[in-house]
Student: 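Here it is, the structure, as structure tokens.
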Amino acid sequence: AEEFFPKLVRKDDNDKFMAPANTWVFDKSEIGTYERTDLIVETYTEGVTGRDAYDLLKSGVISDNDLEAYLDIYLNAYPAYKTLDEACREHYREKHRLELREDRQVQTVGLFEGDVLIATMKLILFSMNCFGRMQTACGLMALEVHPLHKKQGAALEMIRYFEDYARRHGALLTLLLPFQISFYRRMGYGFAGKLYEYHLPTAVLPKPDGEARRHLRLLQPEDFDRVLACHSRFAAQNHGMVEKFEEEVRAARTDIQVRRIGYCADDGTLRGYVAYRFESASDTNYTRNRLSVEELVYDDGVVLRALLGALKLQEDLAQTVLLRTGEEDFHHLLEDPQDVSGNYIDYGFLQTNVSAIGTMFKILDPAAFVTATAYRALPQGTLTAAFCYRDELAHRDCRTVLRFDGGRWSALPEEAPAEVTVTCRQGDLASLLMASCGLESMVRLGAVAVTGPWQQLAQLLHYGQKPWLNSDY
């Protein structure tokens, strides 16, 4: 075509899923982006599973024989803080060899082109709190593509396999930490609750009273199993939390720079703990430090205040404290929540924290999700609601119909009539059903479209806690 139309230019590009494509431009005006049909290996017209797509190339669990090729990909995909010398390579060689040998929750999977390993990832089977009960969720960790095989759709095929793996293992949700938010939004992923980071003067933390001091203990390495048990109880009490997985436990157990203070009940039960490390806050004055809090785990507000009081006792050693929480209303706990930045935002607002998006999740089958969480306590009311969305990876329009009655929810056939219809993105449906956003605000912002008495539906979907987690995966 270019031969007959000199102003027509073809550029190598990628489509929105990062698969190979051509973008055509005529006289500097873009015509469109179209997939590279010459690279199609197979065509499906009635749906395709991740296993089907993955098997077209070659799937496999990474073994010891693949370790050197795995390291080539891993060290080039995550180069930060790595020297890439032989000592570095040996460290990660032994680390991954240990994971392959001992881990049961995590499976390391590779994508091969012929005999060449071109991409890898780790899949984690989590135990996750969904509205007060622990359910199976599947997490994606360390998705990596070989530097010379990027932008050929490998990451997309890995995601397909990941979701198929999750379905086969009975996971209600898939979880991931995004390297590029828009990439996963286009695949149907929504947001969990946000994380709030406070950098405060240590002096503003609540002062511990005599009763609180009586329960505080400086924990030792031999207390680590009690710490794990306490964290598991915390996860079981908080919507969206996950229990620690093997690699995370191993790293925490061997990190000797982390200190922990615990709150012990009279019967010896560890009811909460704070894990923190000291960090230098000055290049020239060794007495200037900050406390960086890595975990803040508590059974209730009394324990939380006592643990914050324990941090306040360290203000002679650390002038500021850096802590993270998913609690939206944490600032109400402090007499003065203004952070150390001194930042002023028009008009008359003082900065208290910065917030961040981390975990994104996807509900693979909304009807099955609702059936599995039929125990969820809902406000009283009777309503039938339909949720219409586009399944981005399956390229089809979907409709999920839910019945609310007697303080519970259930799934109806997709063709069932509904009093309310919500039209939204697939990821936003996950956020609505997991209660990490409110329907009222989504309507107000124009993020969803509604018909019928949606205000009642907004009340029925309300839950007292947004899901949040800060697991290191």
Side-chain angles (χ1 to χ4, degrees), residues 13-21 33-37 39-59 109 111 118-124 136-145 149-192 359-370 387-400 414 422-434 447-448:
D13 204 347
N14 300 93
D15 66 13
K16 67 179 183 178
F17 293 121
M18 303 308 293
T33 299
Y34 305 92
E35 65 180 339
R36 288 279 304 275
T37 56
L39 297 178
I40 293 177
V41 178
E42 185 61 86
T43 300
Y44 296 89
T45 59
E46 297 182 357
V48 57
T49 68
R51 169 64 72 179
D52 292 335
Y54 205 69
D55 285 346
L56 283 177
L57 295 172
K58 179 184 173 186
S59 64
V109 180
L111 180 65
I118 66 171
T120 67
M121 62 183 170
K122 295 179 182 180
L123 306 180
I124 312 163
T136 300
C138 189
L140 173 65
M141 178 180 180
L143 172 59
E144 308 142 357
V145 179
H149 290 270
K150 293 183 177 181
K151 299 188 181 300
Q152 294 179 339
L156 173 59
E157 299 313 325
M158 296 291 266
I159 295 295
R160 290 187 187 278
Y161 183 84
F162 159 53
E163 293 182 2
D164 185 63
Y165 178 92
R167 289 186 187 94
R168 288 185 283 114
H169 286 81
L172 295 187
L173 302 108
T174 50
L175 315 174
L176 53 82
L177 292 169
F179 65 88
Q180 186 181 35
I181 290 174
S182 61
F183 180 72
Y184 291 108
R185 288 278 275 171
R186 291 194 297 268
M187 293 186 183
Y189 282 78
F191 302 125
T359 291
M360 299 179 71
F361 46 47
K362 182 177 183 177
I363 295 178
L364 300 173
D365 184 338
F369 173 84
V370 168
F387 296 85
C388 300
Y389 62 95
R390 177 80 174 169
D391 187 323
E392 297 289 355
L393 289 187
H395 305 295
R396 61 185 176 89
D397 293 324
C398 300
R399 185 174 187 263
T400 297
E414 64 178 41
V422 178
T423 303
C424 61
R425 298 180 65 170
Q426 187 177 13
D428 291 334
L429 175 59
S431 296
L432 284 167
L433 297 187
M434 276 293 286
V448 304

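All heavy atoms count here, side chains included; hydrogens, waters and symmetry mates do not.
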Student: Leu393 and Lys362: which non-hydrogen atoms are nearest, and at how many Å?
Tutor: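 So the two residues come closest at CD1-NZ, 3.8 Å.
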Student: Can you tell me how far apart CE (Met434) and CG (Leu173) are? Round to the nearest 0.5 Å.
Tutor: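 It comes to 5.0 Å.
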Student: For Cys388, is there any backbone N or O sitting under 3.5 Å from a side-chain donor or acceptor partner on Arg399?
Tutor: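 It does not hold such a pair.
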Student: Which heavy atom in Glu392 sits nearest to a heavy atom in Arg186, and how many Å separate them?
Tutor: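 Smallest heavy-atom distance, with atoms named: CB-O, 3.0 Å.
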Student: Any salt bridge between Asp164 and Arg160, counting N to O under 4.0 Å?
Tutor: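 Answer for the salt bridge query: no.
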Student: Going from NZ on Lys122 to CG on Leu143, what distance comes out if it is rounded to the nearest 0.5 angstrom?
Tutor: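 If I round to the nearest 0.5 Å, the distance is 12.5 Å.
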Student: Provide the closest heavy-atom pair for Ala154 versus Ile118 in the form atom of the first, atom of the second, distance.
Tutor: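 That closest heavy-atom pairing would be CB-CD1, 4.4 Å.
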Student: Please find the pair of heavy atoms, one from Leu364 and one from Ala166, that lie closest to each other, and give the distance.
Tutor: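 Distance-wise, the nearest heavy atoms are CD1-CB, 3.8 Å.
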Student: Hey, does the side chain of Ser431 reach the backbone of Phe191 with a donor-acceptor pair shorter than 3.5 angstrom?
Tutor: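 Yes.
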Student: With rounding to the nearest 0.5 Å, note down the distance linking CE in Met360 to CD1 in Ile181.
Tutor: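 Separation between the atoms: 6.0 Å.
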Student: For Ile159 versus Met187, what's the shortest heavy-atom pair and its separation?
Tutor: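 Result for this residue pair: CG2-SD, 3.6 Å.
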Student: Would you kindly say whether Glu144 and Thr120 are connected by a side-chain donor-acceptor distance under 3.5 Å?
Tutor: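 Per modelled atom types, Glu144 and Thr120 side chains form a pair under 3.5 Å.
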Student: So which atom in Ala368 and which in Leu172 form the shortest heavy-atom distance, rounded to 0.1 Å?
Tutor: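 What the structure gives for the nearest pair is O-CD2, 4.5 Å.
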Student: Would you check, one step at a time, whether the test side chain to side chain contact (heavy atoms under 4.5 Å, CB included) holds for Ile363 with Leu433?
Tutor: CA-CA 9 Å; Ile363 295 178; Leu433 297 187; 3.8 Å; yes
Student: Which value, rounded to the nearest 0.5 Å, describes the distance between Arg167 atom CZ and Phe162 atom CZ?
Tutor: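 Those atoms lie 10.0 Å apart.
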Student: Do Leu177 and Thr359 pass the side chain to side chain contact (heavy atoms under 4.5 Å, CB included) test, and can you show the C-alpha distance, the side-chain angles, and the key distance before you say yes or no?
Tutor: CA-CA 5 Å; Leu177 292 169; Thr359 291; 3.6 Å; yes
Student: Find the distance between CG (Leu123) and SG (Cys138) and round it off to the nearest 0.5 Å.
Tutor: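 Atom-to-atom, Leu123:CG and Cys138:SG are 5.5 Å apart.
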Student: Would you mind listing every salt bridge (Lys or Arg N to Asp or Glu O under 4.0 Å) that reaches into residues 422-431, with sequence neighbours excluded?
Tutor: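 Found Arg185-Asp428.
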Student: Between CZ of Phe387 and OG1 of Thr400, what distance do you get to the nearest 0.5 Å?
Tutor: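 Spacing of CZ (Phe387) from OG1 (Thr400) equals 8.5 Å.
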Student: Return the orientation label for the Tyr184 and Tyr189 ring planes: parallel under 30°, perpendicular over 60°, tilted otherwise.
Tutor: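 Answer is perpendicular, since the angle exceeds 60°.
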